[in-house]
Amino acid sequence: MYNSKSRIATEFIDDAEIKRTLAWAEENKNDLETIRGLLARAKDCKGLTYQEAMLLLECDDPQIHEEIFTLANEIKEKFYGNRIVMFAPLYLSNYCVNGCVYCPYHGQNKTIKRKKLTQEEIVAEVTALQDMGHKRLALEAGEHPTMNPIEYILECINTIYSIKHKNGAIRRVNVNIAATTVENYKKLKDAGIGTYILFQETYNKESYEALHPTGPKSDYAYHTEAMDRAMEAGIDDVGCGVLYGLENYKYDFVGILMHAKHLEDTFGCGPHTISVPRIRPADDIDPDEFDNGVPDDIFKRIIAILRIAVPYTGIIMSTRESKEMRAAALHLGVSQISGGSRTSVGGYAEEEPEEENTAQFDVEDNRTLAQVVDWMIDEGHVPSFCTACYREGRTGDRFMQLVKTGQIANICQPNALLTLNEYLEDYASPETKEKGKAIIAERLEMIPNEKVRELVREHLNDINEGKRDFRL
Ligand code: SF4
Ligand code: SF4
């Protein structure tokens with residue numbers, strides 16, 4: 001029986017309720033009056049239920065699609081302005097005991113080179129990331145009790161936060177590691193992580209079990225209930241995601257919104273972020289083996305409807321997607337993107353030799369961070385290296401409160417301008433610097449609160465004079 005507040009995975013993600021929702025949406029997809037009513041109501045940024053969101057996704061009227069895209073863009077602008085937060089993944093180790101059939105790190109893959117970064121290598125990688133201008137990392141590691149125990153992850157986090165090189169600093173470390181115990185989540189919290197990220201891959205239990213035949217990850221309930229344990233341990237910010245292409249996208253679209261509702265109903269705070277990865281080629285992995293591929297036009301609608309349904313949740317898109325898809329997605333509600341990413345273990349300090357490929361997937365957008373930043377400015381976005389909320393203790397429901405009342409817009413934009421100015425001063429080419437300074441000057445005048453505007457103007461000057469790390 002469906003119960004959004006249950007602590008049992010199969011009750012808060014209820015298969016029968018998902019199937020009922022899909023059938024109802026299919027039956028009502030031509031009810032344009034109801035759909036237009038939903039869109040009108042969603043303008044108030046209070047979100048949509050999973051049923052309502054699914055009805056929007058099922059609708060095949062091209063005019064409605066345009067209305068969805070327009071509304072998603074409006075909501076994104078309202079909450080976050082035109083800032084886009086930048087991050088990079090750092091793969092620590094590809095040793096893994098699980099058998100995920102879509103991932104080249106699966107334990108049975110004998111062709112991929114296995115690698116685990118030493119603390120010295122992490123110093124070199126993070127120094128290279130700092131020299132690119134990154135301030136926010138997402139750590140990635142396979143699940144392996146002896147090669148990547150929690151102590152190793154904690155040691156890596158500690159090393160990363162301690163590296164101070166020129167004006168560089170990693171100010172927020174997000175962590176994407178396997179589902180674990182409340183005790184281990186407490187250790188991650190104490191180590192000062194930002195978001196704990198764990199992708200569900202698919203919410204369909206039957207498919208999940210087929211896709212994860214061996215290893216601890218094969219336990220659907222343990223994996224699906226992981227965010228509950230993380231929140232119990234005091235980690236306020238959790239990041240969800242499904243891997244589109246594994247299962248019918250409609251099922252997983254409803255599933256992820258049910259998960260968000262469960263977290264909101266149970267802990268008073270939905271997911272901090274939702275990622276939208278699609279399956280990509282990799283060593284030993286052929287995406288054509290998975291016949292649930294999501295075409296670009298539907299993928300764009302998924303992103304836009306997520307933005308409308310959970311307006312307070314950040315949406316993350318990685319370099320799995322092409323420049324063209326990322327350009328479109330930035331106008332549909334994506335609020336964070338990675339740039340200059342390496343999906344191999346290491347690879348920032350030194351390019352990995354081709355024959356030693358340790359990548360988890362092929363990157364589609366191969367541009368450097370400098371190129372991505374330059375392009376975003378050309379597209380009218382403000383690339384942001386902001387990590388302020390987490391460092392100011394604005395996590396979990398304190399953060400959600402700010403977003404839900406629209407106050408975050410007054411904080412995000414100033415922080416985006418300050419951190420972009422740091423980037424321009426420390427890392428940008430003269431051409432990017434010139435364009436970036438121009439967008440800062442233009443956007444500074446648009447900060448509504450006069451006092452905040454003055455403060456930002458002062459700190460921009462401080463940054464020009466060599467001072468660093470101002471935040472609101
Ligand atoms: Fe291991 Fe994660 Fe890859 Fe599964 S998806 S094989 S758990 S690294
Ligand atoms: Fe993110 Fe908060 Fe910075 Fe806005 S102000 S970009 S929400 S950390």
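Predicted model only: the values in this text are computed from it and were never measured. Atoms within each ligand, like the ligands themselves, are counted from 1 in listed order. Sequential numbering from 1 along the given sequence is applied to the chain's residues.
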Residues Lys437, Glu425: salt bridge by 4.0 Å N-O rule:
yes
Heavy-atom contact under 4.0 Å between Arg172 and ligand 2?
no
Show me which atoms of ligand 1 lie under 4.0 Å from any heavy atom of Lys217.
4 (Fe), 5 (S), 7 (S)
Starting from atom 8 (S) of ligand 2, find the nearest protein heavy-atom neighbour and note its residue, name and distance.
Cys389 N, 3.4 Å
Per-atom contacts, ligand 1 versus His106 - under 4.0 Å to a heavy atom:
6 (S)
Quick check on contacts: which atoms of ligand 2 are under 4.0 angstrom from a heavy atom of Val85?
6 (S)
Is any side-chain N of the basic residue among Lys78 and Glu74 closer than 4.0 Å to the acidic one's carboxylate O?
no
Protein heavy atom at shortest distance from atom 4 (Fe) of ligand 2
Cys412 SG, 2.3 Å
Using side-chain heavy atoms (C-beta onward) and a distance below 4.5 Å, is Cys386 in contact with Arg83?
no
In ligand 1, the atoms that come under 4.0 Å of a heavy atom of Tyr105 are 3 (Fe), 6 (S), 8 (S)
Under 4.0 Å from any heavy atom of Cys96, which atoms of ligand 1 are there?
1 (Fe), 6 (S), 7 (S), 8 (S)
Provide, to 0.1 Å, the distance between atom 5 (S) of ligand 2 and the closest protein heavy atom, together with that atom's residue and name.
Asn415 ND2, 3.5 Å
In the protein, what heavy atom is nearest to atom 3 (Fe) of ligand 2, and what distance, to one decimal place, separates them?
Cys386 SG, 2.2 Å
Taking the six-membered ring for Trp, are the ring centroids of His106 and His212 within less than 6.0 Å of each other?
no
Can you find a side-chain donor-acceptor pair between Asn464 and Asn421 that sits under 3.5 Å?
yes
Which is it for Leu472 and ligand 2 at heavy atoms under 4.0 Å: side chain, backbone, both or neither?
neither
Give the atoms of ligand 1, by number and element, whose distance to some non-hydrogen atom of Asn98 is under 4.0 Å.
7 (S)
Can you say whether the rings of His459 and Phe470 are parallel (under 30°), tilted (30 to 60°) or perpendicular (over 60°)?
parallel
Is atom 4 (Fe) of ligand 1 less than 2.8 Å from at least one N/O/S atom of Cys100?
yes
Close side-chain approach of Tyr427 to Glu422, heavy-atom, < 4.5 Å
no
Evaluation steps, salt bridge (Lys or Arg N to Asp or Glu O under 4.0 Å), between Lys323 and Glu364
CA-CA 8 Å; Lys323 175 182 169 186; Glu364 183 76 8; over 6 Å; no
Ligand 1 to Gly142, heavy atom cutoff 4.0 Å, flagged ligand atoms 8 (S)
Do me a favour and list the nearest non-hydrogen protein atom to atom 7 (S) of ligand 2 with residue, atom name and distance?
Phe399 CE1, 3.4 Å
Identified side-chain hydrogen bond (donor to acceptor under 3.5 Å, both in side chains) partner of Asp236 from the options Arg398, Lys189, Arg394
Arg398
Verify the distance criterion only: is there a donor paired with an acceptor across the side chains of Asn148 and Ser93 at less than 3.5 Å?
yes
Do Arg457 and Glu454 sit within salt-bridge range, that is, some charged N less than 4.0 Å from a carboxylate O?
yes
A student checking ligand 2 against Ala388 at a 4.0 Å heavy-atom cut-off should list atoms 8 (S)
Contact atoms of ligand 2, heavy-atom distance to Ile411 under 4.0 Å
5 (S)
